[in-house]
Protein chains: 2
Amino acid sequence: MTVTQTQVQTGTDTDTDAGGEAGELPADLCATADVPHPRPDGRDRYTISEVASITGLSAHTLRWYERIGLMPHIDRSHTGQRRFTNRDLDWLAFVGKLRLTGMPVADMVRYAELVRAGDHTFEERQELLRATREDVRRRIDELRGTLAVLDCKIEFYADARRASERF
Amino acid sequence: MTVTQTQVQTGTDTDTDAGGEAGELPADLCATADVPHPRPDGRDRYTISEVASITGLSAHTLRWYERIGLMPHIDRSHTGQRRFTNRDLDWLAFVGKLRLTGMPVADMVRYAELVRAGDHTFEERQELLRATREDVRRRIDELRGTLAVLDCKIEFYADARRASERF
DNA sequence: CGCTTGCCTGGAGCGCACTCGAACTCCGTA
DNA sequence: TACGGAGTTCGAGTGCGCTCCAGGCAAGCG
């Protein structure tokens, strides 16, 4: 995959307003490529309900994400309907990962703003991700501790029940 | 540690209403013994603000926990003030662990109800903990996946910045 | 032509986990 | 006896992350 698109989508869909920025070539590309992408890069214009069913988010939530500035400017069809691209899908997948970490939405918006601001924010973005990374490390450790406690309690109940069966 | 108390607190504190249940000998004892306990088992009657500073929860939250049934019936002094015991501290530590897992408070209340209901709920309690355990396993895996993505992005920014410095 | 379907917007509402405020009691000290 | 400090209850308020609703538009179909 690797998202090396620049080949703007050629209106395969009654839609033709394209209007994307010119810069933004390398972007991030980490390819989270768990899943290839429902449509190839030339024909990637998804309706909101398609994206909803792909991502598991509701259409409401997708619109809300856009309103609060968590999405990178979504294309519209000539009738004003949203048309999401593969790139938007990648972004949403990443946002999903961040959501799993418990990062507040405001912080994700901050990151999105940095992305929109251009390449000169690389350092700040990296710093933000690094802090998040440390957070995640800590949370994993906490969860491991919790797992130990749970195992211990489960073991306790197993013993108690074995004991009560014996007599 | 191991909480093998039965030696009820002998009013070391102008307080004397004790009034604990009779049963409940083994309890759970997993001892989460990260920290010994601020006071030994005979003299463990903490005020709400002491517990607040020990646990990091606010006094408001502690009262709220009691209201919603998340605490196992807290003693009162003769003037009606709460007196928490080491056992309450242990319970709060456990609740803290559960909170880290993202378990909804309602589910913790459910568990607390089972504990209050007596030993015949061992099976159900064990089942609940087992389900939680699986949850935690999944969350750890998710976080590991997120960590990988973060590392990848951080690496991307590192490369990008190195590249831009080179030219 | 009317009907359905899918999307649009702005704004209100909801559930959760607290968090705070008001009004009160009790206790120790000056 | 007055006062400050810590505790009490009940109920209302807050912030977050959605979630839903009303009212409207555009396209497709019988």
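Letters A, B, ... are given to chains in the order of the sequence lines, protein chains preceding strands, and every chain is numbered from 1.
Atom P of nucleotide D:dG5 and atom CD of B:Glu50 are separated by 18 Å, given to the nearest angstrom. Per the geometry, CZ belonging to A:Arg82 stands 15 Å off C1' belonging to D:dA26, to the nearest Å. For the pair B:Gln81 CD and D:dA6 P, the computed distance is 11 Å after rounding to whole Å. B:Ile74 places its CD1 atom 14 Å from the P atom of D:dG7, with the value rounded to the nearest Å. Counting to the nearest Å, the C1' atom of C:dC27 and the CZ atom of B:Arg76 are 17 Å from each other.
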TODO: List the steps and the verdict of side chain to side chain contact (heavy atoms under 4.5 Å, CB included) for A:Asp44 and A:His37.
DONE: CA-CA 9 Å; A:Asp44 54 335; A:His37 274 158; over 6 Å; no
- Task: Go through the steps to decide whether B:Glu155 and B:Arg162 satisfy the test salt bridge (charged side-chain N to carboxylate O under 4.0 Å, His left out), and finish with yes or no.
- Result: CA-CA 10 Å; B:Glu155 190 51 35; B:Arg162 267 197 296 278; 3.6 Å; yes
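In this structure, A:Tyr111 and A:Trp91 have parallel ring planes: the angle between them is below the 30° cut-off, well short of the 60° mark.
Listed pair A:Thr47 / C:dG6 fails the phosphate criterion, with no side-chain N or O lying under 4.0 Å from OP1 or OP2. Between B:Thr79 and the phosphate of D:dG7, there is no side-chain N or O to OP1/OP2 separation shorter than 4.0 Å.
Proximity of B:Arg83 to B:Arg76: side-chain heavy atoms (C-beta onward) are nowhere separated by under 4.5 Å.
A search for side chain to side chain contact (heavy atoms under 4.5 Å, CB included) contacts involving B:Asp141 returns B:Arg137, B:Arg144, not counting sequence neighbours. By the side chain to side chain contact (heavy atoms under 4.5 Å, CB included) test, B:Ala131 is found to be paired with no residue, residues two or more places apart in sequence or in another chain being considered. Applying the side chain to side chain contact (heavy atoms under 4.5 Å, CB included) test to A:Arg63 and every residue at least two apart in sequence or in another chain returns A:Ile48, A:Ala59, A:His60, A:Arg82.
Ion pairing of A:Asp135 with A:Arg138 is present here, as a side-chain N (NZ or NE/NH1/NH2) and a carboxylate O approach within less than 4.0 Å.
At distances below 3.5 Å, not a single donor-acceptor pair connects side-chain atoms of A:Glu124 with backbone N or O atoms of A:Thr121.
There is no side-chain donor-acceptor pair under 3.5 Å between A:Tyr46 and A:Asp88.
For the segment residues 98-109 of chain B, no residue has any heavy atom less than 4.0 angstrom from an atom of DNA chain D. Of the residues in residues 52-69 of chain B, those with a non-hydrogen atom less than 4.0 angstrom from any atom of DNA chain C are B:His60, B:Thr61, B:Trp64, B:Tyr65.
Here the options are B:Thr85, B:Asp75, B:Asn86, the test is side-chain hydrogen bond (donor to acceptor under 3.5 Å, both in side chains), and the partner is B:Arg45; only B:Asp75 passes.
Summary for the helix from C:dC1-D:dG30 to C:dA30-D:dT1: the axes at its two ends, each from 5 pairs, differ by 20° when rounded to the nearest 10 degrees.
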